[in-house]
Amino acid sequence: MRQDDAEGSRDPRRPNLSHWQRSILVGTLLGDGCLAQHGRWHRLHVKHKAAHRALAEFKRWAFGALVTMPLHGFDQVVAGRRYPAVQFATRTHPELSWWHGRFYRGGRKIVPAEIGRWMTPTALAVWFMDDGAADHRGATFQTHGFQVEEVELLRTVLRERFEIAATRRMNKGRWILYVPSSSMGRLRGCIGSLLIPELRYKMGDHGDP
């Protein structure tokens, strides 16, 4: 994955993460990652199913000096069933607390109003690797955890930033985003080369642009 496609100038209140790391963080927070306070500041928790170990390893490598914890394998128990998983957490840092203030309200993870400013191709690729899935000739983003207005905001960002014409679709009583076959060329062109090889299957055709 390239390190040169994140945009925007460095905010002095966020002194340590590179633009590339910031994009990975944004994509992770839209997906499966969470920020939790530990002492004075916050740290990033990353957890993936064991089959996606390569994605967890990529993120652990990407955050570099912020990670000292080895990747930890464990069995996650859901409804009495065990699911192999892997996880790690970063060190705490005031910059992560800054991001917590943008992505959380009242203890709930949200889609910030400013998400369009931070949605780079790398952020989109990481979000897709976390929550994307092939769906017949199209693809979905599993946005079950967000409110309908937040899903609509993400749909607008996909259209305005990347010319990807996603639609909302009801799934399990919540709204998800569906990318139809007519926009799959745009999605592949934006992120196909940024997906790690083990996750390209989510494009439905190995993710080749």
Q. Ignoring hydrogens and geometry, is there a side-chain-to-backbone donor-acceptor pair from Asn171 to Ile176 under 3.5 Å?
A.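 Side chain of Asn171 to backbone of Ile176, a donor-acceptor pair under 3.5 Å: no, none is there.
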Q | Exam field: side chain His136 to backbone Gly138, donor-acceptor pair closer than 3.5 Å | A | no
Decide whether [X] and [Y] are clustered together by the hydrophobic rule: side chain heavy atoms of Ile, Leu, Val, Met, Phe, Trp, Tyr closer than 4.5 Å, transitively.
X: Phe103; Y: Trp98; result: yes
X: Ile115; Y: Tyr104; result: yes
X: Val148; Y: Leu158; result: yes

So, taking the atom named [atom1] in [X] and the one named [atom2] in [Y], what distance separates them when rounded to the nearest 0.5 Å?
X: Phe128; Y: Cys190; atom1: CZ; atom2: SG; result: 12.0 Å
X: Glu114; Y: Arg102; atom1: CD; atom2: CZ; result: 7.0 Å
X: Phe58; Y: Phe63; atom1: CZ; atom2: CZ; result: 8.5 Å

(Q) Which heavy atom of Ile24 sits nearest to which heavy atom of Val126, and what is that distance? (A) O-CG1, 3.8 Å
State, yes or no, whether a side-chain contact exists between [X] and [Y] at a heavy-atom distance under 4.5 Å.
X: His19; Y: Thr120; answer: no
X: Met119; Y: Phe162; answer: yes
X: Glu198; Y: Leu55; answer: no

Q | Proximity of Trp99 and Trp118 rings by center, below 6.0 Å | A |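 Yes - the distance between ring centres of Trp99 and Trp118 falls below the 6.0 Å cut-off.
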Q: Check the surroundings of atom CZ in Arg159: do more than 12 heavy atoms from other residues, nucleotides or ligands lie under 6.0 Å from it?
A: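 Yes, because the 6.0 Å sphere around CZ of Arg159 holds more than 12 heavy atoms from other groups.
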(Q) Side chains of His42 and Ser97: any donor to acceptor distance under 3.5 Å? (A)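 Yes - a donor-acceptor pair under 3.5 Å links their side chains.
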Q | Electrostatic pair Glu152-Arg155, nearest N-O below 4.0 angstrom | A | yes
Q) Would Glu150 and Arg108 pass as an ion pair if we require N to O under 4.0 Å? A) yes
Q. Which of these, Arg60, Lys59, Arg53, sits in a side-chain hydrogen bond (donor to acceptor under 3.5 Å, both in side chains) with Glu57?
A. Arg53
Q) Going through the checks in order, is the side chain to side chain contact (heavy atoms under 4.5 Å, CB included) test met by Leu44 and Thr28? A) CA-CA 9 Å; Leu44 173 68; Thr28 297; 4.3 Å; yes
